[in-house]
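Below: one structure, written as structure tokens.
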Amino acid sequence: MSQPVVQLRDIRKTYRNGDLEVHAVRGISLDIQPGEFVAIMGASGSGKSTLMNTLGCLDRPTSGSYHLDGVDVSGLDREARADLRNQKLGFVFQGFNLLARTSALENVELPMLYAPQRPARAAMKSRALAALAIVGLADRSDHLPSQLSGGQQQRVAIARALVNQPRLLLADEPTGNLDSRTSIEVMGVFQSLNEQGITLVMVTHELDVASYCKRILVVRDGLVVRDEPVANRLIASEQLAKLRSAESAAKLTSVAP
Ligand code: ADP
């Protein structure tokens, strides 16, 4: 088997507030292989964010080991973790987090400005345009976020997450601010990226959104209590086609005498 993208071994995270200890993660071991598409689910307070912050090298566990694409993250200082994040990870957030007065193209170029080897100006532009093309927005590159729909803004954010060619894409409630149809469209973008070989992990509290992934982890009280392949996986393109045919049937009925 190839090297896992993520290898967690007995990860624990304890927060201390004065005398109070909160065991947010209580011993999680987990492998994620290249090409997986994992949903993390669980009630509020179950430890999902703590787990995602660990995966994203944003926070250090209290104990346990984390190898990201073969690199031992536990031994790295803050700066080295930031470099590793920039090289190997892409992030997508619930609120898109785009710069408001900046075009789609410039938003997507942003992570390259912070890359250890910043590409030349022309190369940055062509890579950003290529990433926008992957999410179907090549023709919107000069639009500001306010000139784009919520779904389009999230696609710009996905292009930004892709532009440094990450080993792992982490998405935190990426459909949380979107209506149900737009959510399916965004899950379709993730599914096609996954088909192209990108490994994805996303937090969601919606089971129907998780059904577009390939594997579901359920976290409870800081532990993974379920870890299974998605049964009856949904395919976004099929769901969208069903929606369209239901809509055209409804239109025909409404104009019928
Ligand atoms: P979820 O994302 O599933 O809502 P979290 O990982 O945010 O769960 O939280 C898990 C537990 O850790 C909760 O009890 C939460 O209150 C606690 N917790 C999270 N972050 C902190 C922190 N910085 N300080 C203290 N307790 C925290």
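Note that ligands are numbered from 1 as they come in the structure, with each ligand's atoms numbered from 1 the same way. All residue numbers in this chain count up from 1 along the given sequence. Values below: every heavy atom of this structure, side chains too, minus hydrogens, waters and symmetry copies.
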Interfacing atoms of ligand 1 (cut-off 4.0 Å, heavy-atom, [X]):
X	value
A43	3 (O)
S46	1 (P), 3 (O), 8 (O)
K48	1 (P), 2 (O), 3 (O), 4 (O), 6 (O), 8 (O)
V22	12 (O), 14 (O), 17 (C)

Hey, does [Y] have a side-chain heavy atom less than 4.5 Å from the side chain of [X]?
X	Y	value
E36	V201	no
V92	D172	no
R26	D221	yes
L162	I134	yes

Which residue and atom name correspond to the protein heavy atom nearest [atom], and how close is it?
atom	value
atom 12 (O) of ligand 1	A24 CB, 3.3 Å
atom 1 (P) of ligand 1	G45 N, 3.4 Å
atom 8 (O) of ligand 1	G47 N, 3.1 Å
atom 25 (C) of ligand 1	Y15 CB, 3.3 Å

(message) Between D10 and R12, does any side-chain N to carboxylate O distance fall below 4.0 Å?
(response) yes

(request) With rounding to the nearest 0.5 Å, note down the distance linking CD1 in I158 to CD in Q152. (result)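 Going from the CD1 atom of I158 to the CD atom of Q152 covers 12.0 Å.
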
(message) Determine whether any protein heavy atom is located less than 4.0 Å from atom 3 (O) of ligand 1.
(response)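 Given the 4.0 Å cut-off, atom 3 (O) of ligand 1 counts as touching protein heavy atoms.
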
(request) Look up atom 10 (C) of ligand 1 and tell me if a protein heavy atom lies less than 4.0 Å from it? (result) yes

(request) Ignoring hydrogens, just give me the one of D59, T14, T50, T54 whose non-hydrogen atom is nearest atom 6 (O) of ligand 1. (result)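 Of the listed residues, T50 has the closest heavy atom.
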
(request) Could you walk me through whether E247 and R181 pass salt bridge (Lys or Arg N to Asp or Glu O under 4.0 Å), step by step? (result) CA-CA 12 Å; E247 279 162 9; R181 187 201 192 100; 2.5 Å; yes

(request) May I ask whether G42 places a heavy atom under 4.0 Å from ligand 1? (result)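 In this structure, G42 fails to qualify as a contact of ligand 1 - no heavy atom is under 4.0 Å.
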
(request) Compare every heavy atom of L98 with every heavy atom of P145, then report the nearest pair and how far apart it is. (result) CG-CB, 3.9 Å

(message) We want to know whether K88 and N164 form a side-chain donor-acceptor pair, criterion being a heavy-atom distance below 3.5 angstrom.
(response)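 K88 vs N164: no donor-acceptor pair found between side chains.
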
(message) Checking contacts here: is it the side chain or the backbone of N17 that comes within 4.0 Å of ligand 1, counting heavy atoms only? Could be both or neither.
(response)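 The answer is the side chain.
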
